[in-house]
There are 2 protein chains.
Amino acid sequence: MTSITDVARLAGVSVATASRVVSEADYAVSAPTRARVLEAAEALDYVPNALARGLLKRHLPVVGVIVHDITDPYFAEVVRGVEDGAHGLGYLVVTCSSERDPQREASYVRLLRSMRAAAVIFAGSGLDDPNLNAELSRHAAAMRAGGAAIVHLSPHAHGEPEIGVDNAAGIAAMVGALAGLGHRRLAFLAGPASLYVARDRLAGYRRGLAEHGLEEDERLVVEGGFDAEAGAAGVDALLGRRAPFTAIAAANDLLALGALRRLAERGIRVPDDVSVAGFDDIAAAATTAPSLSTVRLPLRELGRRGFEHADRALAGERSAPVILPTEVVLRGSTAAPAPNPLPIGGPA
Amino acid sequence: MTSITDVARLAGVSVATASRVVSEADYAVSAPTRARVLEAAEALDYVPNALARGLLKRHLPVVGVIVHDITDPYFAEVVRGVEDGAHGLGYLVVTCSSERDPQREASYVRLLRSMRAAAVIFAGSGLDDPNLNAELSRHAAAMRAGGAAIVHLSPHAHGEPEIGVDNAAGIAAMVGALAGLGHRRLAFLAGPASLYVARDRLAGYRRGLAEHGLEEDERLVVEGGFDAEAGAAGVDALLGRRAPFTAIAAANDLLALGALRRLAERGIRVPDDVSVAGFDDIAAAATTAPSLSTVRLPLRELGRRGFEHADRALAGERSAPVILPTEVVLRGSTAAPAPNPLPIGGPA
DNA sequence: GCGTCAATAGTAAACCTTCTCTATCCCGCG
DNA sequence: CGCGGGATAGAGAAGGTTTACTATTGACGC
């Protein structure tokens, strides 16, 4: 593989001069010399060695994104946003599917540290699991000390995200929209209590109820996983509790999609018998039947701005936290409530 | 940031010895010395510099995956498979969404080359666009010459994939399944003719027709994009051609999903008026209403085996090409044909 | 005609590892 | 008792780049 030494030799200049040309350094090189170097580089198909450069600059133009699972459309969208920002500036994006396993997460961050990644973006929410996070924090601190940028897009053990979304307000707005349709008994699929973001969303649900004078009934809140399977199970749990409801709001779209499926399997009609609302507005939300009412999160923008924040931090600039707005999107899965609330009087 | 020099000093040994311990080299180091080094590394929170190591070994433990778009569930699944294989061996995965733009693809591969990625996996199909691929091939050749592994998971300009899927057989099997239900007039949403994989699938459609004694009618084949939007447009095109059909097979699920949506908008019932079948079995296929009949591709396995192939190639082993099997999955979107084929006599 | 200065080019150190040699020690054997 | 050789440790080069420092040139003012 050809190195800058070869280029310098062919151009008849020193490596220093060749370097100044190919690295576009801010240093005066005469036009003819520059042309000779460029020509030599072209002829030799020279591509600079980013490892050597990184060794000197103390970091590689690579940004790692820690996600729960890249096949979860929420995270795929965020990663794409990061990539949108990164590609233009010559950064590469490393995806790390942690499965929300602190062990695995730490091992990914260690790997990123070992290759001196310029930044790590934590796309997913932190877990309330203090004893398992020691190694993770150690690596993060070391990277920060080494000049790398650490960015969070969700609440985490050590605070609020640098770039985030107002989860509580978003859910509260959806609760408001359902209340506006006439619903008074709203169930909530809350997801895992250990996830900070799920907590925020649950708080938003409670706030929404309070804001619209609706009564809270703990039997209507179901905790569990954060995926479609948990959504289906949530419907089962809800129907077993014998507390009436006319709508189900979910802490994310996957949960709502699972609920939709289970309701269909049980012969409960949406939105005729019960309304269903999700959160996130992943692509699938628009294409189900009925299409899913949800709250749109600017996920791609979240990723892009997350990268931009990292880039600014790398340049030594401090920037204030940003909260991106959410938007309620009403589709086919919500309507005015049925006269007989589920499960009492319903088909259960 | 602490280096191996610090570790060596603290342990009271030379850097060579420290290196031999921390890099788990195959070299005898006495137990007490080893323990002292390990202790020092632990105390100093030492993490080896992968750049320095990579500079010497001539490549970094990083594998790039070139995809069309990471938010396309097909590719997300493949990338996850690559990650599954890579993580255990300490490799990091770089995602590159090329948007099927040869320019962008080349720039990604150049970047991967510059950081001496150990492997590049092309997950998406090649484009028949010879003049724009020169830079791309140059980089790929250079990387291969430098010892990196180049793996294709789809047909491409220079041949067949190292690890692939029998696209033609899969589509032919689906055509057979539809024929088995009694369909004789099968439309096909073929995707872009410039994509090698789309060509294979179109060939499979033709083969399937032939195998079941069905007549080919060019009016029933619609080319176009490879996404949901194109699927919707395909339905419009089909209905405008006034050639009767009772089923639509699509070259991928996104196309089929778009078709499903447009059919619903036009008040055409699936599967009562027309059957619809997809290809790939992305997660969304199971959750639409009606759920989508499709052909399952082992995407995650495809990714995992793609990585394993790369890993073997890195170790200098040659392995034979692998074709993974596909499986027809019949769900709610297919049924026996309607008495009156669309569009003649249908609701159009 | 000489010192000063700007423009341009070159030299060599540094970044952090790994690995090839070389050195030391000690054991056992002839 | 001398020596071969195995086990262990260290010295130093190499890998490709950037950059602080130094050197050379030529123009210019005096």
Side-chain angles (χ1 to χ4, degrees), chain A residues 1-38 40-41 44-61 90 113-118 142 146-148, chain B residues 1-38 40-41 44-61 90 111 113-118 142-143 146-148:
Chain A
M1 191 142 294
T2 110
S3 83
I4 200 164
T5 312
D6 306 315
V7 174
R9 185 170 17 209
L10 180 59
V13 301
S14 70
V15 291
T17 301
S19 167
R20 293 195 261 254
V21 172
V22 301
S23 68
E24 291 163 357
D26 184 20
Y27 192 96
V29 174
S30 71
T33 309
R34 165 179 307 271
R36 279 216 314 287
V37 171
L38 255 16
L44 296 174
D45 185 29
Y46 170 72
V47 171
N49 186 323
L51 302 183
R53 190 176 279 180
L55 191 55
L56 226 40
K57 305 280 197 145
R58 347 194 63 91
H59 60 75
L60 201 60
R113 152 135 94 128
S114 84
M115 52 191 58
R116 304 304 188 253
Chain B
M1 190 139 296
T2 109
S3 83
I4 201 165
T5 313
D6 306 314
V7 174
R9 185 169 17 209
L10 180 58
V13 302
S14 70
V15 291
T17 301
S19 168
R20 295 196 260 253
V21 172
V22 301
S23 66
E24 293 163 356
D26 182 20
Y27 193 97
V29 174
S30 71
T33 308
R34 164 179 306 270
R36 279 215 315 285
V37 171
L38 255 17
L44 295 174
D45 186 27
Y46 169 71
V47 172
N49 186 323
L51 302 183
R53 191 176 278 180
L55 191 55
L56 227 41
K57 305 279 197 145
R58 346 194 66 91
H59 61 76
L60 202 59
L111 236 30
R113 150 133 97 129
S114 84
M115 52 191 59
R116 304 302 189 254
M143 290 188 75

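At the phosphate of D:dT17, OP1 or OP2 sits under 4.0 Å from a side-chain N or O atom of A:Tyr46. Here A:Arg20 does not reach the OP1 or OP2 of C:dT8: none of its side-chain N or O atoms lies under 4.0 Å away. Note on A:Thr33: a side-chain N or O is less than 4.0 Å away from OP1 or OP2 of C:dA9. Side-chain nitrogen and oxygen atoms of B:Ser30 include at least one within less than 4.0 Å of the OP1 or OP2 phosphate oxygen of D:dA9. Residue B:Arg53 places none of its side-chain N or O atoms closer than 4.0 Å to OP1 or OP2 of D:dG15. Within the 4.0 Å cut-off from OP1 or OP2 of D:dG10, at least one side-chain nitrogen or oxygen of B:Ser14 is found. Proximity of A:Ser19 to the phosphate of D:dT18: a side-chain N or O atom is located under 4.0 Å from OP1 or OP2.
We find that CG of B:Asn49 is positioned 10 Å from P of C:dT18, with the value rounded to whole Å. Distance A:His59 NE2 to D:dT18 C1': 13 Å, rounded to the nearest Å. The CZ-C1' distance, from B:Arg58 to C:dT17, rounds to 14 Å in whole Å. Taking atom CZ of residue A:Arg9 and atom C1' of nucleotide C:dG10, one finds them 16 Å apart after rounding to whole Å. Spacing between atom CG of A:Leu60 and atom P of D:dG16 amounts to 17 Å, rounded to whole angstrom units. Counting to the nearest Å, the P atom of C:dC16 and the NZ atom of B:Lys57 are 19 Å from each other. Straight-line distance from the CG atom of B:Leu55 to the P atom of D:dA14: 14 Å, rounded to whole Å. The distance between atom CZ of A:Arg116 and atom P of D:dG16, rounded to the nearest whole Å, is 20 Å.
In this structure, the separation between CG on B:Asp26 and CZ on B:Arg20 is 11.5 Å, given to the nearest 0.5 Å.
Comparing B:Ala52 and B:Thr17 along DNA chain C, the residue whose closest nucleotide (by nearest heavy atom) sits nearer the 5' end is B:Ala52. Between B:Gly12 and A:Ala50, the residue anchored closer to the 5' end of DNA chain D is B:Gly12, taking for each the nucleotide with the nearest heavy atom.
Inter-residue side-chain proximity for A:Arg113 and B:Asp45 is flagged as met; some heavy-atom pair is nearer than 4.5 Å.
When every heavy atom of A:Gly146 is checked against every heavy atom of B:Met1, the shortest pair comes out as CA-CE, 4.3 Å.
Of the candidates D:dT17, C:dT17, C:dA12, C:dA12 carries the atom nearest the A:Ala16 side chain, counting heavy atoms from C-beta on. Set against D:dG10, C:dA9, C:dT17, the side chain of B:Ile4 has C:dT17 as its closest nucleotide. Comparing C:dC21, D:dC21, D:dG16 by their closest approach to the side chain of A:Tyr27 singles out D:dC21.
Without hydrogens or angle criteria, B:Ser23 side chain to B:Ser19 main chain gives a donor-acceptor distance under 3.5 Å. At least one donor-acceptor pair closer than 3.5 Å links the side chain of B:Arg36 to the backbone N or O of B:Ala11.
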